[in-house]
2 protein chains.
Amino acid sequence: MPADFAKLLREKGIQPSAQRLAVAEYVLFTKEHPSADQVWAKVRAVCPVLSRATVYNTLNLFVKKKLLRELVLSEGKVVFDPKMEAHHHFIDEHTGRIEDVPWNAISVSRVSGLKGYDVREYMVVMRGRTRRKSC
Amino acid sequence: MPADFAKLLREKGIQPSAQRLAVAEYVLFTKEHPSADQVWAKVRAVCPVLSRATVYNTLNLFVKKKLLRELVLSEGKVVFDPKMEAHHHFIDEHTGRIEDVPWNAISVSRVSGLKGYDVREYMVVMRGRTRRKSC
DNA sequence: TCGTAGTTTAGACATAGTCTAAGTTTGTCG
DNA sequence: CGACAAACTTAGACTATGTCTAAACTACGA
Ligand SMILES: [Mn+2]
Ligand SMILES: [Mn+2]
Ligand SMILES: [Zn+2]
Ligand SMILES: [Zn+2]
């Protein structure tokens with residue numbers, strides 16, 4: 001987690017305003033896969049002067065500048081994910097919780113050989129239960 | 001495509017009203033992956049006495065009775081898919097069109113060995129361009 | 001200091017989906 | 001058949017998520 005978020009934003013051509021810094025500090029390193037309104041709630045606790053419009057503007061800007069990606073894995077749930085490397089996702093059917101699954105944990109073959117399709121990216125989306133850790 | 005949709009619905013414990021039959025005839029055999037409002041538009045052309053609420057009610061009922069599945073693959077696009085067997089999906093980034101990819105066209109391994117997760121179902125979601133058919 | 005471009009804001013607007021309460025249809029049974 | 005209840009359909013109100021607008025504020029160089 002970088003000491004200097006302002007530098008990180010400037011490197012991507014984003015002017016580091018107070019609001020953008022506050023959003024960045026939370027969303028660029030979370031593992032929570034939060035929705036826009038969850039981001040708003042979390043960041044407002046730290047920086048109360050922050051409008052809903054700015055949160056949406058900032059998240060969309062970060063997506064455009066490739067600091068975040070937007071995922072839609074379940075009905076009505078758009079979430080943001082700062083992990084930009086290719087990876088897969090597991091969704092707990094019971095809680096809705098989304099977890100990252102490392103790219104190497106699963107092997108997928110014959111994607112590039114698919115006739116008729118020029119696949120640019122892909123992801124395995126899994127649903128099930130999170131197994132209780134053995135105690 | 002069965003001759004007798006009423007029978008098909010009754011077998012699933014669904015009372016075959018005129019509206020449900022009209023929705024069934026379109027949605028249970030389409031390859032279009034339509035949204036609820038696209039279903040409404042299509043079916044209203046055939047059966048003009050059909051409210052938006054009934055279309056949503058019917059689609060949700062069909063999902064509950066396992067005649068349809070609901071997919072959310074892109075932001076703000078919930079679509080319905082009558083193909084109930086396991087299969088994968090390809091999304092054309094340019095047109096948004098969703099196409100089915102047969103289960104056997106791709107091989108995925110090590111899913112069931114994933115530590116900590118009890119995977120009930122999974123799907124590969126691919127994005128890219130549909131390659132122009134060679135002429 | 002001034003001008004300008006960029007940023008933030010509240011609230012209006014759009015859209016998708018659910019809910020409600022009233023009306024209609026269907027099926028059952030005397 | 002006729003009455004009744006259950007199931008179904010409907011319009012429109014309501015909610016949630018996201019976008020847009022126009023005005024205010026800020027940063028910054030000339
Ligand atoms: Mn978005
Ligand atoms: Mn739904
Ligand atoms: Zn992720
Ligand atoms: Zn499909």
Side-chain angles (χ1 to χ4, degrees), chain A residues 5-7 9-10 12-27 33-44 46-65 67-81 96 98, chain B residues 5-7 9-10 12-27 33-44 46-65 67-81 96 98:
Chain A
F5 281 89
K7 183 156 166 282
L9 295 189
R10 264 189 232 100
K12 291 281 183 169
I14 300 171
Q15 199 169 308
S17 68
Q19 288 88 340
R20 287 172 179 170
L21 281 172
V23 172
E25 280 179 35
Y26 167 60
V27 84
H33 297 90
S35 69
D37 278 359
Q38 282 175 286
V39 172
W40 191 29
K42 280 274 185 180
V43 179
R44 239 188 333 174
V46 175
C47 167
V49 186
L50 177 68
S51 72
R52 208 164 148 267
T54 297
V55 172
Y56 276 93
N57 288 343
T58 301
L59 292 171
N60 288 339
L61 179 64
F62 286 1
V63 169
K64 199 173 72 181
K65 297 294 189 171
L67 285 168
L68 280 183
R69 67 166 99 187
E70 202 178 39
L71 300 177
V72 200
L73 299 175
S74 322
E75 178 175 358
K77 300 216 48 165
V78 175
V79 303
F80 294 89
D81 187 347
I98 298 167
Chain B
F5 280 89
K7 184 154 165 283
L9 295 189
R10 263 190 233 100
K12 291 280 183 169
I14 299 170
Q15 197 168 307
S17 68
Q19 287 89 340
R20 287 171 178 172
L21 282 172
V23 172
E25 281 178 36
Y26 167 60
V27 85
H33 298 87
S35 69
D37 278 359
Q38 281 175 286
V39 173
W40 191 29
K42 280 273 184 180
V43 180
R44 237 186 336 172
V46 175
C47 168
V49 185
L50 177 68
S51 73
R52 205 163 150 269
T54 296
V55 172
Y56 276 92
N57 288 342
T58 301
L59 292 172
N60 288 339
L61 180 64
F62 287 2
V63 170
K64 198 172 70 181
K65 297 293 191 174
L67 286 168
L68 280 184
R69 66 166 101 186
E70 203 178 39
L71 301 177
V72 200
L73 299 175
S74 323
E75 179 175 356
K77 300 215 48 167
V78 174
V79 303
F80 294 90
D81 186 348
I98 298 168

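A note on names: the letters A, B, ... follow the listed sequences, proteins ahead of strands, and every chain is numbered from 1.
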Give, for atom CG of B:Leu9 and atom OG1 of B:Thr58, the distance between the pair rounded to the nearest 0.5 Å.
-> 9.5 Å

Terminal contacting nucleotides, 5' and 3', DNA chain C versus chain A (heavy atom, 4.0 Å) = C:dG6 to C:dA10

Measure all distances between protein nitrogen or oxygen atoms and nitrogen or oxygen atoms of nucleotides 14-21 of chain D, and list the pairs falling under 3.5 Å.
| unit_1 | atom_1 | unit_2 | atom_2 | d |
| --- | --- | --- | --- | --- |
| D:dG18 | OP2 | A:Tyr56 | OH | 2.7 |
| D:dG18 | N7 | A:Arg52 | NH1 | 3.4 |
| D:dG18 | N7 | A:Arg52 | NH2 | 2.6 |
| D:dT19 | OP2 | A:Asn60 | ND2 | 3.2 |

Got a second to check how far B:Gln38's CD is from B:Lys77's NZ, nearest 0.5 Å?
-> 6.0 Å

Rounded to the nearest 0.5 Å, what's the gap from CZ on A:Phe62 to CZ on A:Phe80? Could you check?
-> 11.0 Å

How is B:Ser17 classified with respect to the nucleic acid when contacts are heavy atoms under 4.0 Å: base, sugar-phosphate, or nothing?
-> sugar-phosphate

Which residue lies more 5' along DNA chain C, comparing A:Arg20 with B:Ala18 via nearest heavy atoms | A:Arg20

To the nearest 0.5 Å, what is the distance between CZ (B:Arg44) and OG (B:Ser51)?
-> 10.0 Å

If we only count heavy atoms from C-beta on, is the A:Asp37 to A:Arg52 side-chain gap below 4.5 Å?
-> yes

Hey, does the side chain of A:Trp40 reach the backbone of A:Tyr56 with a donor-acceptor pair shorter than 3.5 angstrom?
-> no

Calculate, to the nearest 0.5 Å, the distance between atoms CD and CG belonging to B:Gln15 and B:Leu61 respectively.
-> 11.0 Å

Would you mind building the protein contact string for nucleotides 22-30 of chain D? One character per nucleotide, 5' to 3', B for base within reach (heavy atoms under 4.0 Å), S for sugar-phosphate only, - for untouched.
-> ---------

To the nearest 0.5 Å, what is the distance between CZ (A:Arg20) and CD1 (A:Ile14)?
-> 7.0 Å

Taking side chain as C-beta onward, heavy atoms only, is A:Val39 less than 4.5 Å from A:Val23?
-> yes

Side-chain contact test, heavy atoms from C-beta onward, threshold under 4.5 Å: evaluate it for B:Val43 versus B:Glu25 and give yes or no.
-> no

